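I have placed the structure first, in the form of structure tokens, so that the comments after it can refer back to it.
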Amino acid sequence: MKIDVTLPDGSVRQYEQGATAMDVARSISEGLARNVLAAKVDGEVRDAHRPLPGNCTLQLLTWNDPEGKATMWHSSAHLMAEALESLYPGVKFGIGPPIEHGFYYDVDLGDRVITDKDFPAIEARMKELAAKKNVYVRTEVSKPDAIKYFTGKGDEYKLELIDGLNDGEITFYRQGDFVDLCRGPHIPDTSAIKASKVLSIAGAYWRGDETRKQLTRIYGITFPKQKELEEFLTMIEEAKKRDHRKLGKELDLFTFSEKVGAGLPLWLPKGAALRQRLIDFMKAAQEKDGYVPVITPHIGGKQLYITSGHWEKYGKDSFRPITTPHEGEEFLLKPMNCPHHCEIYASRPRSYKDLPLRLAEFGTVYRYEQSGELHGLTRVRGFTQDDAHLFCRPDQVKEEFMKVIDLVLKVIKALELNDFEAQVSLRDKADRSKYIGSEENWEKAEQAIIDAAKEKGLPTQVEYGEAAFYGPKLDFMIKDALGRKWQLGTIQVDYNLPERFELEYVGSDNQKHRPVMIHRAPFGSLERFVAVLIEHHAGRFPLWLTPEQALLLPISDKYLGACANVVRSLKDSDIRASVDERNEKIGRKIRDAELARVPFMLVVGEKEAEQGTVSVREHGQGDLGTMTPAAFAEMVNDRVREQLGGL
RNA sequence: GCCUUUGUAGCUCAGGGGUAGAGCACUUCCUUGGUAAGGAAGAGGUCAGGGGUUCAAUUCCCCUCAAAGGCUCCA
């Protein structure tokens, strides 16, 4: 009996019954066989050593395939566990999965504490064990035998995992002396793991439950070549250079003060100007789209949030209410702008002809974030949203939603944030108790978002359990320098707040109807948005946004006057420029301007002063030659116009 | 909030039981220079804050605060 194996290129080859993916690889080439890490059989990733089930499609997975990497890292987690067990006898193991960059293993070291000083020893042991070329051996185990094994080992975590599995579907994997409960698959043997690095340690609750024991999570990464490890480490170093906390300091954009408080950013003049430019940009765009600005105070009566549902949902984990000295009134720092905006809507009767009503506010909100969660500008306790609430008729929801998507895309384009993904955030399928509002309204809202995203052809990803408590969201996710995804823009359809605030409008039928609300913030929070901008552009902001577009560099102080004239004429053309008046040589001034990421350096010496020109040098590009200030201004303004796409 | 680590000049960091050091930045002076660091001098620190051990603490111990990497959380 032969079996037919269909390869990715469509070719079909015949093999003996019981042949493995590895046999197939060998029949193609020895080189391929050496590189095979796992196999995808009829769409399922399996050990390359397992016999093929019969006629099947087969894709051989190597380091170049994401699943190949994941398999290697999963096997590496086992290798690290083996190293840990030999170094620290009695260690107990939780779970050890592959992740985006590498893998981790959660371990219980008892009273022992390990620190980064222990990493080299672990790495060395991993290298030693990998060199043994131990084969990853898969065995099917009965549930009683599995329980017996880990009872003998005293590993209560594995026993708890086994408890959740059915007899007949339990497998162990063994390499060398280390046996682990594992579904697999794994790489053929440990020899593929040529370079290992323990990256960091962290506490992690068992099964992600903060009421349970905290285990030690050890992160690591491995590569088939030492060189790739080195490249990875270089990449991490490069990413650190783009860190917005570092660049924010270097570029004088923002700072923090212990006295002001953690998570409360202070915007320095350059940062404030940049932020103001973002606000101006958004205001102009919103005005075109028919938004009307409103302004509301920073606090609101407690009853406002009882009505909105925020008090019940977040009251316990919020900043405590502010109280008045005599009347005993309670106010909350506003964590959201929407309740205030609902009250503006309710301030007078509304007709269907008034809708959609688009209330916009750059509203600063305050939320208590756990101290360990604060992070630069991306996670703060006080921040400003480019918030707006669109009150519309049900028949207007889809069109309004799509217009908001266009606005977000405009922002993404103007700020050159190309690497984004739209995330459709829906309810947790399992736990509806986390949300307010009727099943019917949720269905309608979720469908509206799915339809709109589809119609716009956005690259989308559906996530369950990520919805806000009052409605589903469309979130725009952007990656930062370290590859972490951040939610920036968000659009949310909400049928619930209008109900809670009993908002109404009179329809053409002269009956009262309930409007639908769309919450939206294209930047999200200005703080987080600026952080992601800094990292994405490594501090080299788009020309229209950058704090200083041009810096005049006089060859000597004889030309300070000529420089001042140029600055004046550039300012008339709306170009932000100033003069480096320091008594330094030109090389020094250029170096400092390059490091400060000033887009254009304008050198003025004897020749330029006489001719009334400037010698233009572009950041990262070099000398562009001399031109008149007017020609330079035109070039800058042309580029700005192009970036803003007609806004 | 929890785990691990960290906190010395504006910044980056060295040091270490006997009341502190470098480079850069800053100030002043010299230099007036042509596309990525000109020279000299000077000033600048309750060694995060509080408590303890000690004849003596910036150094050792404890607590608090802040920061880093994670976990949980994120309207």
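Here the structure is a predicted model, which means the values were calculated and not measured. So that the names make sense, note that chain A is the first sequence line, chain B the second, and so on, each numbered from 1.
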Can you confirm whether the side chains of [X] and [Y] place a donor and an acceptor under 3.5 Å from each other?
X        : Y        : answer
A/Thr626 : A/Gln611 : no
A/Lys334 : A/Thr296 : yes
A/Thr628 : A/Thr613 : no

Got a sec, which residues hit side chain to side chain donor-acceptor pair (under 3.5 Å) with A/Ser308, two or more places apart in sequence or on another chain?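 Side chain to side chain donor-acceptor pair (under 3.5 Å) check on A/Ser308 returns A/His310.
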
For A/Arg125, all residues meeting side chain to side chain donor-acceptor pair (under 3.5 Å), sequence neighbours excluded: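 Applying side chain to side chain donor-acceptor pair (under 3.5 Å) to A/Arg125 gives A/Ser86.
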
Tell me which residues in residues 517-531 of chain A lie within less than 4.0 Å of RNA chain B, going by non-hydrogen atoms.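 Output list: empty, so none.
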
Strand contacts (RNA chain B) in residues 591-613 of chain A, 4.0 angstrom heavy-atom criterion: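 Nucleic-acid contacts, sorted: A/Arg591, A/Glu594, A/Leu595, A/Val603, A/Gly605, A/Glu606, A/Lys607, A/Glu608.
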
Please tabulate, for the side chains in residues 197-208 of chain A, all donor-acceptor contacts under 3.5 angstrom to protein atoms that are two or more places apart in sequence or on a different chain.
residue	atom	partner	partner atom	Å
A/Trp206	NE1	A/Glu160	OE1	3.1
A/Arg207	NH1	A/Glu160	OE2	3.4

Nucleotide nearest A/Ala262 when distance is taken to its side chain, options B/rC74, B/rA67, B/rG33: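 Among B/rC74, B/rA67, B/rG33, the one nearest the side chain of A/Ala262 is B/rA67.
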
Need to verify one output field. Residue with the more 5' nearest nucleotide on RNA chain B, A/Tyr366 or A/His619?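 Upstream on the strand: A/His619.
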
Extract the stems that RNA chain B is part of, considering only consecutive pairing runs of at least three Watson-Crick or G-U wobble pairs, both distances under 3.5 Å.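 For RNA chain B the paired stretches long enough to count as stems (3 pairs minimum) are B:1-7 with B:65-71, B:10-13 with B:21-24, B:26-30 with B:38-42, B:48-52 with B:60-64.
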
Listed partners of A/Tyr495 passing ring pair (Phe, Tyr, Trp, His ring centres under 6.0 Å), at least two apart: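 Per chain and number, A/Tyr495 pairs via ring pair (Phe, Tyr, Trp, His ring centres under 6.0 Å) with no residue.
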
Name all residues meeting the ring pair (Phe, Tyr, Trp, His ring centres under 6.0 Å) criterion together with A/Tyr305; count only those two or more places apart in sequence or in a different chain, and write none if there are none.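 So A/Tyr305 forms no ring pair (Phe, Tyr, Trp, His ring centres under 6.0 Å) with any residue.
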
At under 4.0 Å between heavy atoms, which parts of nucleotides 1-14 of chain B does protein reach? Answer with one letter per nucleotide, 5' to 3': B base, S sugar-phosphate only, - none. BBBSS------S--

Run the salt-bridge test on A/Lys241 and A/Glu237 with the 4.0 Å N-O cut-off and return the result as yes or no.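 The answer is no: the pair does not qualify as a salt bridge.
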
C1' atoms of B/rU32 and B/rA68, separation to the nearest Å: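 After rounding to an integer number of Å, I get 46 Å for this pair.
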
A/Asp475: what forms a side chain to side chain contact (heavy atoms under 4.5 Å, CB included) with it, not counting sequence neighbours?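 With sequence neighbours excluded, A/Asp475 shows a side chain to side chain contact (heavy atoms under 4.5 Å, CB included) to A/Gln423, A/Ser425, A/Lys473, A/Met477, A/Gln487, A/Thr490, given in chain and number order.
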
Mind checking what makes side chain to side chain contact (heavy atoms under 4.5 Å, CB included) contact with A/Pro547, not counting sequence neighbours?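 If we apply the side chain to side chain contact (heavy atoms under 4.5 Å, CB included) test to A/Pro547, skipping adjacent residues, the hits are A/Leu253, A/Lys270, A/Leu274, A/Phe541.
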
Considering only residues two or more places apart or on different chains, which pairs with a residue in residues 579-620 of chain A satisfy ring-ring contact (aromatic ring centres under 6.0 Å, His included)?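 Every pair satisfying ring-ring contact (aromatic ring centres under 6.0 Å, His included) with a residue in residues 579-620 of chain A: A/Phe600-A/Phe632.
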
